[in-house]
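Down below is the structure, laid out as structure tokens.
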2 protein chains.
Amino acid sequence: MGITKSEIFTEEQNRIANMAKALGHPARISILQHLFQSDSCICGDLVDKIGLAQPTISQHLKELKNAGLIKGNVEGTSVCYCIHKENWMEMKKLLNSFLDSDISTTSECC
Amino acid sequence: MGITKSEIFTEEQNRIANMAKALGHPARISILQHLFQSDSCICGDLVDKIGLAQPTISQHLKELKNAGLIKGNVEGTSVCYCIHKENWMEMKKLLNSFLDSDISTTSECC
DNA sequence: TTTATTAAATGCAATATTACAATAAAGAAG
DNA sequence: CTTCTTTATTGTAATATTGCATTTAATAAA
């Protein structure tokens, strides 16, 4: 049905999956990398540097904002985006708690 | 169009996004957690423990296999799945290289 | 006020994803 | 061989995602 059955999973499983999903598109990875280098906070700059149309970039920015990973600030006619540091660190902690599952105690049965 | 323009992004950006995408569903997080606890390598056990139909679990297992994160081994009529340790560690390194982008040198302009 | 400039919102088309019923395939048990 | 068990495959429906042209909104500049 294209709809995820979130209710049968734990809060943690849903949060991890949602964060991973937000990172699950190369345009959004590219946007975040640019924001980390902080040489292009402005939406228009991102449109120029990444080869996608303005509405498409705007949409990806919206998703990153919904995920809490970035924040935007209106400056005249343009909008300045940047990493939401606090949420970013929280996301990192959440993902790492999962990624660091102890692989040494796990049996590779195949 | 529902189709990602992979060709305009770097190989690294696509690889990071693809790995994140594979982790972008709570059922797949749940499957991986079970495999880490290794108390249910068998596909049928996962179907019982997670509340999704057998074809749905099978489909998620296939995606995790395509992403290289797990491997499967036929044992009689049943199939035993487990974490692909080598690829898992590689994925972790890849994601961490991105997640660990130096946040301290980044300006929070908003 | 009029005219740019910039970004968000809307609307649409194409494709992808999620989920499951029904079926097929492959081996085990009788 | 027949039957049972287990998993993959196929087909289908519903929803989500990606991408862009067009329009709208809001501020700046003239």
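Quick note on labels: first sequence line is chain A, next is B, and so on, each numbered from 1. Being a predicted model, the structure only gives us computed values, none of them experimental.
One interatomic measurement links the two molecules: CD1 of B/Ile50 to C1' of D/dT7, which rounds to 15 Å at whole-angstrom precision. Atom pair A/Asp48:CG and C/dT5:C1' shows a separation of 13 Å (rounding to whole Å applied). Between the NE2 atom of B/His25 and the P atom of C/dT17 there is a distance of 11 Å, rounded to whole Å. Protein atom NZ of B/Lys5 is 15 Å distant from nucleotide atom P of C/dA16, rounded to whole Å. Protein atom CD of B/Glu63 is 7 Å distant from nucleotide atom P of C/dT17, rounded to whole Å. For the pair B/Leu46 CG and D/dT7 C1', the interatomic distance rounds to 12 Å; values are reported in whole Å. Atom pair A/Leu23:CG and D/dT17:P shows a separation of 15 Å (rounding to whole Å applied). One can place CD1 of B/Ile3 at 14 Å from C1' of D/dC20, the figure rounded to the nearest angstrom.
Looking at B/Leu23 and A/Leu99, their side chains come closer than 4.5 Å, going by heavy atoms from C-beta outward. The shortest distance between side-chain heavy atoms of B/Leu32 and B/Trp88 falls below 4.5 Å. Side-chain contact check for B/Ile16 versus B/Leu94: some heavy-atom pair is nearer than 4.5 Å.
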B/S/- contact track for nucleotides 22-30 of chain C, protein heavy atom under 4.0 Å:
B----BS--
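Listed nucleotides C/dA7, C/dC20, D/dC20 differ in distance to B/Leu52; the shortest reach to its side chain belongs to C/dC20. Of the listed nucleotides (C/dA7, D/dT9, C/dA19), C/dA7 has the atom at the smallest distance from the side chain of A/Tyr81.
The minimum heavy-atom distance between A/Ala27 and A/Leu52, with the atom names listed, is CB-CD1, 3.8 Å.
Residue contacts for B/Thr4: at a heavy-atom cut-off of 4.0 Å it reaches the sugar-phosphate backbone alone, with no base atom in range. Among the heavy atoms of the strands, none lies under 4.0 Å from B/Ile57. Residue A/Leu61 is out of contact with every strand shown, counting any heavy-atom pair closer than 4.0 Å.
Aromatic ring orientation, B/His25 versus A/Phe9: perpendicular (interplanar angle above 60°, classes split at 30° and 60°).
Between B/Cys80 and B/Ser6, it is B/Cys80 whose nearest contact on DNA chain D lies nearer the 5' terminus. Along DNA chain C, the nucleotide nearest A/Gln59 and the nucleotide nearest A/Ser78 are compared for position; the residue whose nucleotide lies closer to the 5' end is A/Ser78.
Around the NZ atom of A/Lys62, the shell of radius 6.0 Å holds no more than 12 heavy atoms that belong to other residues, nucleotides or ligands.
For the atom pair CD (A/Gln59) and CD1 (A/Ile57), the distance works out to 10.5 Å, reported to the nearest 0.5 Å.
Contact annotation: B/Lys21 side-chain N/O to D/dT17 OP1/OP2 distance is not under 4.0 Å. For the pair A/Ser58 and C/dA8, the criterion of a side-chain N or O lying under 4.0 Å from OP1 or OP2 is met.
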